[in-house]
Structures are given as structure tokens and as C-alpha cells.
Protein chains: 2
Amino acid sequence: MDSNCHHHSFGSHKACIQLVPIFNHLEDEEMDDIMHTIQSISFEKGNVIYRAAEKSDTLYIVNKGRVRIYRLAESGKEQLVRILEPGDFTGEMALFSPENTKHESYAEAMVNTKICMIKRSDLQEYLLKYPSISLKILNVLSQRLEQSEKQTTRFATEKVETRIALFLAECLDPEKDTLEFTLPMTKKDLASYLGTTPETISRKLSELEEEKLIKQKPQKKIQILDLDRLLMV
Amino acid sequence: MDSNCHHHSFGSHKACIQLVPIFNHLEDEEMDDIMHTIQSISFEKGNVIYRAAEKSDTLYIVNKGRVRIYRLAESGKEQLVRILEPGDFTGEMALFSPENTKHESYAEAMVNTKICMIKRSDLQEYLLKYPSISLKILNVLSQRLEQSEKQTTRFATEKVETRIALFLAECLDPEKDTLEFTLPMTKKDLASYLGTTPETISRKLSELEEEKLIKQKPQKKIQILDLDRLLMV
DNA sequence: ATTAAAACTTGATTCTAATCAAGTTTTAGA
DNA sequence: TCTAAAACTTGATTAGAATCAAGTTTTAAT
């Protein structure tokens, strides 16, 4: 891995550990322990973090920035699987499988991004030393599995309009009581994520707007006008 | 083994533990430890093991039989998520999440089935006591996640015919060198699993047969005639 | 501020697969 | 073994969404 442009600052390593839910419940000394084996690398916008078929033996934790995880289907079509925000991690597949696994997806920095990396061997050691880390990771993985299966079911059973409506509803921050939000990605990416085309996204959003269920505003902002009816689409 | 035992299925508890990959790597004494907290229940064909929205605080391990895991979409349509064989487990979602989670799917015995159950609290204890169990579960979960994301990508990007062809190819046992296998489910279930209808399955299989890529035989047997071309569909 | 590239929109057309319908075959249970 | 139910097949029609095409708007880099 090219290390010409990254800075080793303990500060940011510690920040990284303290940031992520899978580590931040540990005692200070335990975090210090882990901190020393972490590498931090910066990626510029558009850079590839890893590719499918490359050997995978590292856990990647996003410290700063955003990362696009996508797959190529047998047909060559690309699908956006998810977007990682600070605190999210990827690379687990390989890590917890017996040796020599390959990546099945691609990871690409959407903006300038800082990643913390833990080597497979180091992580395995920590998992045995601090079993509570495993519980955290099990929690995250089981929720991701849950999420992924729900997504599969939607692809299998709902039409595009419904998938879009459900996606919009889930963009709402349950903390806030506002019905307005900013789309977290371009409509092209959204199409890829929802298994459709940009043209269809464009058309369906216009239809939803005509039916007075939503309002599209400048800069990817969307306001939901009638959540109940939107969920019945 | 001990057929006169008062604990009616003591023997089968041990069998259950020894059967499953997540436990069978433990020492004998460790297995004995776990064995005592396991409950074993039999379900007749068609019986529901759990329903969506029910409280979930148990890990279910299939000891004997087959279990259908399916979901209901927002639209009410049913989708077959997977089929559990002896040694497989389910219920993990709730187990590794903070308290009071509900099932999101349905589990139903496809034939007479024996299930071993471990309570959430007991399992949490074992995970901290025997950290290697966590590693095994992480391994299984990460592979299931991988599998689920691959399936999602296929729904998002491939047409039905391709999904069917890929499914058939994956039915081949890589151990054996035969190109013949038995469909593991009815075509109705297969349609549900692949997000299509029984009519379409029927038609596409006939088309594949006309193109001399496969041969349908009695009793759900299928022979693949040209694997390479099948994978290019 | 300028401008090229990327993102997005809208229309016309085509294609895939769902639905509806009416059979036939297979399976499981009495 | 018989029978009813379930599974499956095939055909006709329809609907949903992809594709192709040609524009417009937005974004980001210089």
C-alpha cells in the first residue's frame, strides 16, 4: 500500500478508536493498546480503497469522509451497496473467514477521506483478548444482515415506485421532527442503489410530486408532504 | 444413547452441539457446559417456529429437518429468504442487538423438525466465556451477509433468466463431478426465492431446455448440459 | 467567471415479466 | 389405491420499467 502521503499522528488514531462504536466502549488502556497497531491513510476523492478480487486482510474504519461500496454483477452492471460514514467499517467478510479471502466489492472515496486500518492478525488477537468487541461487531453485522435481507425482499416483491417511497421515508431523521431532508447521494447513485435507472427515478419523483406527496427543492432537498400516503404507494 | 434418561432428549442435546460448526470446535467439557442450558423442541411439518413481530430472545439451531425462513414485504407479498438445514441457525438478529428486538421474518418447519434452542442470556455468557464461539459466529454471519448482498445485487441488475441460470449453477455440488442435482424446493418456492412467479420459472426452464442448456427430469431432477453457456445467459 | 463535464429531465419505443385464465400433472393423505 | 389438493404448464394479454435519444440544468475545475 502506498504510504507516501499519509501522516502518522497518534491523535487521529485515538480519535478513530474513540469514534467507532465497536471500540469506544473499551477502557482507556485497552484503547491505547489497540491504537498502536492501527494505520491511518488518507484517500483523495475518487481514489479506490480496494477492488473486488484483491486479497482482503484488513478491517477498514472510516475516520473522516464518505466511502462508496459497490459491486459489479455477473452482467457487468454496477450496484451501489451502501455508503460508509465516519464510524462505519468494511472488510469484515474477509476478516472473519478462514484465510485468503478476496474482496467481492469495490470501495471508493467519495470525498477526501481518512481511513483507519487494522490488520487481520491484530484484530483476531483483540477479539480473543477483549470479547466484548466481538459482541459489538456481531451486533453491527447482524443489523447489516437484517438490512440487506430487507432490501432483497423489497427488490423481490415491490415495484420501483414503492422502493423509492420507502427509501424517502427512511431518509427522515427520526430524531428531528422535520419532514425535509437532503438526498444523501446523486440520483444516478440512488438509481443504482434501488436497482433502477436515473430516468425512472426522475419520472417517479415527478409523479410523486404531482400527487402532492413530496416536494423537490433545489440542491437535492426533498420535503415530504404526506408521509402516510407516501407509505401506501 | 441414554434412552432411559429422565431428561428426555439429553442425548440429542449433545448431538446438536456436536453437529453445529459454531460449537463443535470446543473441548468436550465446554460442550458439556453448554449442553445443560439447551432446550430441544420438535415441530411437525407446517408448524410455525416463530413469526415476525414476536419477541426474539433465542438462538434456534436446526438439529433435524428443514426450516423455511420467509418475509412479508410491505405489500404483503411473501419472499423466501433461505432454507435452514441441520447445523444451520437463526435468530441471531435479536440475540446480538440490544434487548427487546422483534423477529422480522417467519420460520416454519418444512418437514418434521427438531430444533435446539439457547436463550439469549445464556449465549451472551458463553460468548464472553469462550471467545472462539464469537469468531465462528462472526464467520457465519459475514458469509451470510456476503451472500445476501450478492443476492441483492442480482435482483438489482440481472434479469430473471440470468438469476435462474446462476441459481441452477450454484445447486451443483462442487465436491461431486456430476452435473445433475435435485431442486432443493418446489418451483413455487423457487419463484419466491428468486423474486419471480411460478409461471415464469416454468417458462424459463423450458426455454433453457429448448436451448439444450439443461434437461428437466422427473422428481425435480435437473441435469446441466452446458454449464459454460448456461452461465452466459 | 467561464466552461466542460456530469447530472438530470422528458419523450417515444421496446421488451421483460406479471397477471389472468384454464388446463394437466404430481403429491400426499385417507 | 384412490382422491383431493397442490403444484405445475401453457397461452393471451397487460403493465411496468428499460432503453434510446435529445435536450436542459447543475456542478466543479480552471
Side-chain angles (χ1 to χ4, degrees), chain A residues 44-46 66 68 73 75-80 108-112 154-165 167 182-211 214-222 233, chain B residues 44-47 66 68 73 75-80 108-112 154-165 167 182-210 214-222 233:
Chain A
E44 289 186 18
K45 180 180 174 177
R66 299 182 90 202
R68 240 173 137 265
S75 62
K77 275 190 199 162
E78 175 181 319
Q79 199 229 349
L80 176 60
E108 180 194 304
M110 297 173 75
V111 295
N112 292 347
R154 283 187 189 169
F155 278 121
T157 57
E158 312 284 14
K159 50 188 181 179
V160 173
E161 191 172 34
T162 310
R163 302 207 297 267
I164 295 175
F167 178 85
T182 303
L183 276 181
M185 58 185 102
T186 66
K187 288 179 185 174
K188 188 169 168 259
D189 275 348
L190 182 57
S192 168
Y193 182 70
L194 294 180
T196 181
T197 61
E199 292 95 324
T200 299
I201 293 280
S202 206
R203 278 187 254 266
K204 296 297 181 186
L205 286 181
S206 299
E207 285 174 30
L208 292 175
E209 190 157 26
E210 266 171 37
E211 297 171 51
I214 66 168
K215 187 156 173 42
Q216 298 186 72
K217 298 182 173 182
Q219 284 173 321
K220 294 202 183 62
K221 281 212 186 351
I222 291 190
V233 162
Chain B
E44 289 186 17
K45 179 179 175 178
N47 280 178
R66 298 183 90 202
R68 242 173 135 263
S75 62
K77 275 190 200 163
E78 175 181 319
Q79 199 228 350
L80 176 60
E108 179 194 304
M110 298 174 74
V111 295
N112 292 346
R154 283 187 189 168
F155 278 121
T157 59
E158 312 284 13
K159 49 187 183 180
V160 172
E161 191 172 33
T162 310
R163 302 207 297 269
I164 295 175
F167 177 85
T182 303
L183 276 181
M185 57 186 102
T186 65
K187 289 180 185 171
K188 187 167 168 261
D189 275 347
L190 183 56
S192 167
Y193 182 70
L194 295 179
T196 181
T197 61
E199 291 96 324
T200 298
I201 293 281
S202 206
R203 278 187 254 266
K204 297 296 181 186
L205 286 180
S206 299
E207 286 174 30
L208 292 175
E209 191 157 25
E210 267 170 36
I214 67 168
K215 187 155 172 42
Q216 298 186 72
K217 298 181 172 180
Q219 282 173 324
K220 294 203 185 59
K221 282 212 184 355
I222 291 191
V233 162

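Keep in mind the model is a prediction, meaning the values are calculated, not measured.
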Open item on the list: So which atom in A:P198 and which in A:A191 form the shortest heavy-atom distance, rounded to 0.1 Å?
Closed with: N-CB, 3.4 Å

Open item on the list: Any salt bridge linking B:E78 with B:R68? Criterion: basic side-chain nitrogen under 4.0 Å from a carboxylate oxygen.
Closed with: yes

Task: End axis versus end axis in the helix from C:dA1-D:dT30 to C:dA30-D:dT1, the angle rounded to 10°, five pairs used at each terminus - done: 70°

TODO: Write down the distance between CD (B:Q219) and P (C:dT25), rounded to a whole number of angstrom.
DONE: 17 Å

- [ ] Please state how far atom CG in A:N112 lies from atom P in D:dA28, giving the value in whole angstrom units.
- [x] 13 Å

Task: Contact state string [nucleotides 8-24 of chain C, B base, S sugar-phosphate only, - no protein heavy atom under 4.0 Å] - done: SBBBB----SSBB----

TODO: Output the distance between atom OG1 (A:T196) and atom CG (A:L190), rounded to the nearest 0.5 Å.
DONE: 9.0 Å

- [ ] Please say whether more than 12 non-hydrogen atoms of neighbouring residues, nucleotides or ligands are located less than 6.0 Å from NZ in B:K215.
- [x] no

Open item on the list: More than 12 heavy atoms of other residues, nucleotides or ligands under 6.0 Å from CD of A:E44: yes or no?
Closed with: no

Task: Residues A:S75 and B:E158: side-chain donor-acceptor under 3.5 angstrom - done: yes

- [ ] For residues A:R154 and A:R163, report the shortest heavy-atom separation together with the two atoms involved.
- [x] O-CD, 3.7 Å

Task: Nearest atoms (heavy-atom pairs only) where B:V160 meets B:K204 - done: CG1-CG, 4.5 Å

